[in-house]
Number of protein chains: 2
Amino acid sequence: MNTIKILAVDDHKMTMVGYKYILEDTDFEDYVVEMDMEDTFDTGKQKIEEASKKGAPYHIILLDIQLSPIKEGYARTGEDLGIIARKISPTSKIVFLSSFSDNYRINSIMQSVNPEGYMVKTEINEDALKDMVETVLTVPPFYTKKALIAIRNRMSSDIHLDDNDKKLLYYLSIGTKTKDMVEYVSLSLSGIENRKRQLKEILGVGKENDYALITAARDKGFI
Amino acid sequence: MNTIKILAVDDHKMTMVGYKYILEDTDFEDYVVEMDMEDTFDTGKQKIEEASKKGAPYHIILLDIQLSPIKEGYARTGEDLGIIARKISPTSKIVFLSSFSDNYRINSIMQSVNPEGYMVKTEINEDALKDMVETVLTVPPFYTKKALIAIRNRMSSDIHLDDNDKKLLYYLSIGTKTKDMVEYVSLSLSGIENRKRQLKEILGVGKENDYALITAARDKGFI
DNA sequence: TAAAAACCACAAATATTGTATGGTTTTTAC
DNA sequence: GTAAAAACCATACAATATTTGTGGTTTTTA
């Protein structure tokens, strides 16, 4: 019997334990599953490196998007870890676990990591986990329904936002004042005003307020 | 028992008949299925209009991408019909049936029609058909695996091609000479040359030939 | 091996985008 | 309710980016 090695990196230890027992108890056709768990960016990265160096890289790496609140200098997200994992363990299948609140990051993750799987946590259950493992090992990708809906929304518009646009929308969404945005977005104040107008136009919110703008951006799968 | 009304538009009559018998024989929880069939753009459009005007629009419209070879002036594809169907029958769920050879059009279709479902014909069977009906009626979208793979390819690159780029790639793919492209793409000859160079750069085919370019474009899900 | 097509490079023209400025309207806070 | 702050708008100008035209070289085709 072969063994499929899975690493889960998530700072909600209890959820991980749940996944572990489910997957290790599941009857798979040709293999059994063995799951390691880590709850920080650093220890997760370390495990991936070790396994890879030993010539026994993880078959599947499960990553929570939101990793534990910053310990040292600055936040390192699951996305960052995914990017690194792709490099140091290229054969591993990477699957993201997203809570509803950070599902908006799916587009960024699709581009930076292009994971073999993406699951929204509220949709995870025994069947979904089993299905995920079988699918990513054979014919990826595996996306849960809500992930698919987000992807569909994004695909259906051919609007292209550059880095400044995304930053602008992000800072707007966290309540940054337009006049303060010059500090974060490399544009002049009037440049920012122009872009904002333009974005409202593109996203179909004529002259409505900023709330309408970020709602539209979220609906369409940006930010 | 409710009745779900489906219209299939496909010029392969035999395949359609197969779908019809499968779907009308399938045991659904809350309804039975009734399927109409048409094999041309015009008759398909007509049926959709009639049903819509009678206040009983089709619940689901299945469209083959490739409709019968041109009869009158110019070709009308399933995609064109999909765009029209969205307008005249906005409550209908639209599902495309693609043969492998025209699967490359999925991206265009995702933008122009944004269908509730997309199935590659080689992946269609009883289960898939049943699943499709249930899914598009309740929680769309429904995509078969190969469609998903194409979508994933497209999502993972943030390359943005404008209309001229797409046209250029398309005409290149059908063998149009560069010098003749000025007729179809609204750019000067040197403009076209520039874009071509640029596209090769962007799509990662350094100074290879045109074949490499269109292959790369197809792989990544453009054209 | 000519002729055609593709490819390349560069300067000039054009279009797009960003900036600075000064003003009006809307929102916010007291 | 009102004054200050912020957002919004318009315009001229500056900076960039893109397209064009031209004249060439290389590659492909017949």
Side-chain angles (χ1 to χ4, degrees), chain A residues 104 107-108 111 157-220 222-223, chain B residues 104 107-108 111 157-220 222-223:
Chain A
Y104 69 91
N107 291 295
S108 162
Q111 284 176 15
S157 81
D158 78 341
I159 297 166
H160 185 251
L161 304 186
D162 70 13
D163 234 47
N164 280 333
D165 292 321
K166 285 181 199 156
K167 271 191 197 157
L168 197 160
L169 286 171
Y170 169 70
Y171 283 108
L172 204 64
S173 75
I174 61 172
T176 308
K177 290 174 191 162
T178 299
K179 80 175 178 61
D180 293 332
M181 259 183 227
V182 286
E183 297 173 45
Y184 311 112
V185 184
S186 58
L187 279 176
S188 71
L189 183 57
S190 60
I192 291 171
E193 288 171 346
N194 281 334
R195 289 261 187 151
K196 234 170 107 175
R197 249 191 303 270
Q198 206 177 317
L199 280 171
K200 285 185 183 176
E201 200 55 47
I202 291 174
L203 294 177
V205 294
K207 285 180 186 282
E208 298 177 63
N209 60 17
D210 293 359
Y211 182 72
L213 176 58
I214 67 170
T215 303
R218 216 159 258 170
D219 280 354
K220 301 236 162 97
F222 304 103
I223 45 176
Chain B
Y104 70 92
N107 292 295
S108 162
Q111 285 175 14
S157 82
D158 78 343
I159 296 167
H160 185 251
L161 303 187
D162 69 13
D163 234 47
N164 280 333
D165 291 322
K166 285 179 201 160
K167 270 192 199 155
L168 197 159
L169 286 171
Y170 170 69
Y171 283 108
L172 204 63
S173 75
I174 61 171
T176 308
K177 290 175 190 161
T178 299
K179 80 174 178 58
D180 293 332
M181 259 183 227
V182 285
E183 295 174 45
Y184 311 111
V185 184
S186 58
L187 280 175
S188 70
L189 184 57
S190 61
I192 290 171
E193 289 171 347
N194 281 333
R195 290 262 185 149
K196 234 170 109 175
R197 250 191 305 270
Q198 207 177 316
L199 281 172
K200 286 185 181 176
E201 201 54 47
I202 292 173
L203 294 178
V205 295
K207 285 178 186 283
E208 300 177 63
N209 60 18
D210 293 359
Y211 182 72
L213 176 58
I214 67 170
T215 303
R218 215 159 258 172
D219 280 354
K220 301 234 163 95
F222 305 103
I223 46 177

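Chain letters run A, B, ... following the sequence lines, proteins first and then strands; every chain starts at 1.
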- Message: How many whole angstroms separate atom CG of B:Leu168 from atom P of C:dA6?
- Response: 11 Å
- Minimum heavy-atom separation for A:Val182 to A:Leu189, with atom names? CG1-N, 3.6 Å
- Message: Can you tell me which nucleotide in D:dC8, C:dC7, C:dA6 comes closest to the side chain of A:Glu193?
- Response: D:dC8
- Query: So which heavy atom on B:Asn164 is nearest to which on B:Ser186, and how close?
  - Reply: OD1-OG, 3.7 Å
- Provide the closest heavy-atom pair for B:Val205 versus B:Ala216 in the form atom of the first, atom of the second, distance. CG1-CB, 4.0 Å
- Message: As a test of understanding, state which of A:Ile202, A:Leu168, A:Val185, A:Leu161 forms a side-chain contact (heavy atoms from CB on, under 4.5 Å) with A:Arg195.
- Response: A:Leu168
Would you list the protein and nucleotides 28-30 of chain D atom pairs, both N or O, that sit under 3.5 Å from each other?
none

- Query: What are the two closest heavy atoms between B:Tyr184 and B:Lys167, and how far apart are they?
  - Reply: O-CD, 3.6 Å
- For B:Asp180 and C:dA4, give me the distance from atom CG to atom C1', rounded to whole Å. 11 Å
- Where do A:Ala217 and A:Leu169 come nearest, in terms of heavy atoms and distance? CB-CD1, 3.9 Å
- Item | Distance in angstrom units between A:Asp210 CG and C:dT26 P, rounded | 15 Å
- Note on the structure: Nearest heavy-atom approach of B:Lys220 to B:Leu203 is NZ-O, 3.5 Å
- B:Glu201 CD: over 12 foreign heavy atoms closer than 6.0 Å: no
- Query: Is there a donor-acceptor pair under 3.5 Å between the side chain of B:Asn209 and the backbone N or O of B:Ala212?
  - Reply: yes
- Message: Rounded to whole Å, how long is the line connecting atom NE2 of B:His160 with atom P of D:dT18?
- Response: 14 Å
- What is the distance from atom CG of A:Leu172 to atom NZ of A:Lys196, rounded to the nearest 0.5 Å? 5.0 Å
- Nucleotide of D:dC8, C:dA5, C:dC7 approaching B:Lys200 most closely (side-chain heavy atoms): C:dC7
- Short side-chain N/O contact from B:Lys196 to OP1 or OP2 of C:dC7, under 4.0 Å: yes
- Message: I'd like to know if the side chain of B:His160 and the backbone of A:Asp158 have a donor-acceptor N/O pair within less than 3.5 Å.
- Response: yes
- Tell me, what's DNA chain C's dot-bracket, Watson-Crick or G-U with both distances under 3.5 Å, | for other-strand, [ ] crossing? ||||||||||||||||||||||||||||||
- Task: Whole angstrom is fine here: how far is it from NZ in B:Lys179 over to P in C:dC7?
- Result: 14 Å
- Item | A:Leu199 CG to D:dC9 P, straight-line distance once rounded to whole Å | 14 Å
Report all interatomic pairs (protein N or O, nucleotide N or O of nucleotides 10-20 of chain C) with separations under 3.5 Å.
from, atom 1, to, atom 2, distance (Å)
C:dG18, OP1, A:Arg195, NH2, 2.6
C:dT19, OP2, A:Ser188, N, 2.6
C:dT19, OP2, A:Ser188, OG, 2.8
C:dT19, O5', A:Ser188, OG, 3.3
C:dA20, N7, A:Ser190, OG, 3.0

